[in-house]
*Asks:* 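Sharing a structure with you now.
Every number for a ligand or one of its atoms is a count from 1 in the order of the listing. For the numbers below, each heavy atom of this structure counts, side chains included, while hydrogens, waters and symmetry mates do not.
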Amino acid sequence: MSHLHIQIIHGPNLNMLGTREPGHYGSQTLADIDEDLIQLGDKLGVRITSFQSNHEGEIIEKIQHLDAQGLIINPAAYTHTSVAIRDALLAVRIPFIEVHLSNIHKREAFRHKSMMVDIAVGVIAGFGSQSYTLALHGLHHLLQTKQS
Ligand code: DQA
């Protein structure tokens with residue numbers, strides 16, 4: 001069986017984790033989060049690659065050129081606005097999980113809407129950095145069942 005590859009995409013301002021609004025986003029840095037995902041990937045036998053950008057077009061290009069079987073994406077503020085990222089996800093038809101550190105439904109009304117949630121496999125929000133590892137468990141399980 002070939003090795004699974006899962007891509008992680010982090011959207012705008014997530015490079016500021018660690019110092020950015022720790023009340024909402026915790027104190028772990030993005031590098032810490034990626035490190036945890038790579039370690040969990042090693043245990044599960046999944047190759048993890050990670051990409052962060054503050055630019056909508058770069059995220060779209062990354063999606064268009066994915067060579068992974070699954071995607072975990074925290075589109076950050078673009079979650080609530082980006083028809084273009086939604087369209088890129090539809091174009092490549094990759095199974096993906098939408099992830100948020102904070103529980104967006106507990107916050108301002110403009111964060112309650114997601115442009116991609118209805119085309120995602122699922123969404124995990126509100127568990128801090130653990131939202132990502134929970135997503136990795138879920139997506140790994142899904143892809144394994146698909147492969148076998
Ligand atoms: C976020 C929630 C978004 O509303 C916000 O714009 C972010 C981070 C989260 O992970 O909780 O930048 O996606």
Side-chain angles (χ1 to χ4, degrees), residues 4-44 46-144:
L4 280 177
H5 175 200
I6 293 179
Q7 176 73 45
I8 317 290
I9 296 182
H10 307 282
N13 299 306
L14 294 172
N15 56 313
M16 303 283 291
L17 289 180
T19 54
R20 176 191 178 203
E21 300 185 81
H24 281 305
Y25 303 124
S27 56
Q28 275 198 298
T29 65
L30 197 64
D32 295 334
I33 290 175
D34 284 344
E35 185 63 43
D36 286 352
L37 287 167
I38 289 164
Q39 268 185 28
L40 178 59
D42 282 347
K43 277 193 209 145
L44 298 173
V46 181
R47 186 160 78 87
I48 301 290
T49 48
S50 175
F51 174 79
Q52 189 277 331
S53 176
N54 295 323
H55 303 275
E56 190 174 22
E58 282 181 10
I59 294 171
I60 290 163
E61 270 160 29
K62 187 72 193 176
I63 293 170
Q64 288 181 2
H65 297 109
L66 286 178
D67 65 352
Q69 287 88 32
L71 170 68
I72 295 172
I73 181 165
N74 183 348
Y78 290 140
T79 308
H80 319 298
T81 62
S82 184
V83 176
I85 292 179
R86 175 194 175 87
D87 285 351
L89 291 164
L90 280 172
V92 300
R93 294 194 300 183
I94 189 162
F96 74 93
I97 301 192
E98 178 184 320
V99 159
H100 301 284
L101 296 144
S102 64
N103 178 354
I104 52 176
H105 300 286
K106 256 210 256 185
R107 301 181 61 195
E108 304 97 315
F110 66 84
R111 293 186 205 274
H112 298 177
K113 185 179 158 75
S114 162
M115 299 304 293
M116 17 252 152
V117 71
D118 60 306
I119 57 166
V121 173
V123 56
I124 300 178
F127 293 92
S129 60
Q130 245 202 312
S131 292
Y132 287 93
T133 47
L134 290 168
L136 179 51
H137 278 293
L139 194 54
H140 171 243
H141 183 78
L142 180 94
L143 295 174
Q144 258 197 335

*Asks:* Do H80 and S114 have side-chain N/O donor and acceptor atoms under 3.5 Å apart?
*Replies:* no

*Asks:* Distance to 0.1 Å, residue and atom name: give those for the protein heavy atom nearest to atom 2 (C) of ligand 1.
*Replies:*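 Protein heavy atom with the smallest distance to atom 2 (C) of ligand 1: I104 CG2, 3.7 Å.
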
*Asks:* To check your reading of the model: name the closest protein heavy atom to atom 1 (C) of ligand 1, its residue, and the distance in Å.
*Replies:*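 Heavy-atom neighbour on the protein nearest atom 1 (C) of ligand 1: H100 ND1, 3.7 Å.
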
*Asks:* So which heavy atom in the protein is nearest atom 6 (O) of ligand 1, and how far is it from that ligand atom?
*Replies:*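 Result: R111 NH1, 3.1 Å.
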
*Asks:* Counting only N and O atoms by type, is there a donor-acceptor contact under 3.5 Å from the side chain of H112 to the main-chain atoms of H105?
*Replies:* yes

*Asks:* Looking at H100 versus Y25, is the centre-to-centre ring distance below 6.0 Å?
*Replies:* no

*Asks:* Could you tell me whether a side-chain N or O of R111 sits under 3.5 Å from a main-chain N or O of I104, the two making a donor and an acceptor?
*Replies:* no

*Asks:* Among all the protein's non-hydrogen atoms, which is closest to atom 11 (O) of ligand 1, and how far away is it?
*Replies:* S102 OG, 2.6 Å

*Asks:* With atoms numbered from 1 as shown, which atoms in ligand 1 lie under 4.0 angstrom from a non-hydrogen atom of A77?
*Replies:* 6 (O), 12 (O)

*Asks:* Does some non-hydrogen atom of H80 fall short of 4.0 Å from ligand 1?
*Replies:*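 A heavy atom of H80 does come that close to ligand 1.
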
*Asks:* Assess R20 for proximity to ligand 1: is some non-hydrogen atom of it under 4.0 Å away?
*Replies:*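 Contact present.
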
*Asks:* Do any nitrogen or oxygen atoms of T79 come within less than 3.5 Å of a nitrogen or oxygen of ligand 1?
*Replies:* no

*Asks:* Main chain of S53, side chain of E58: is a donor-acceptor contact present, judged purely on distance under 3.5 Å?
*Replies:*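 No, the answer is negative, given that no donor and acceptor are paired below the 3.5 Å cut-off.
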
*Asks:* Starting from atom 7 (C) of ligand 1, find the nearest protein heavy-atom neighbour and note its residue, name and distance.
*Replies:* Y25 OH, 3.5 Å

*Asks:* Is there at least one pair of N or O atoms, one from L101 and one from ligand 1, spaced under 3.5 Å apart?
*Replies:* yes

*Asks:* Quick one: do R86 and D118 make a salt bridge, cutoff under 4.0 Å?
*Replies:*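 D118 and R86: salt-bridged.
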
*Asks:* Could you pull out every donor-acceptor pair under 3.5 Å between side chains of residues 12-23 and any protein atom, sequence neighbours left out?
*Replies:*
| residue | atom | partner | partner atom | Å |
| --- | --- | --- | --- | --- |
| N15 | OD1 | Q52 | NE2 | 3.4 |
| T19 | OG1 | M16 | O | 3.2 |

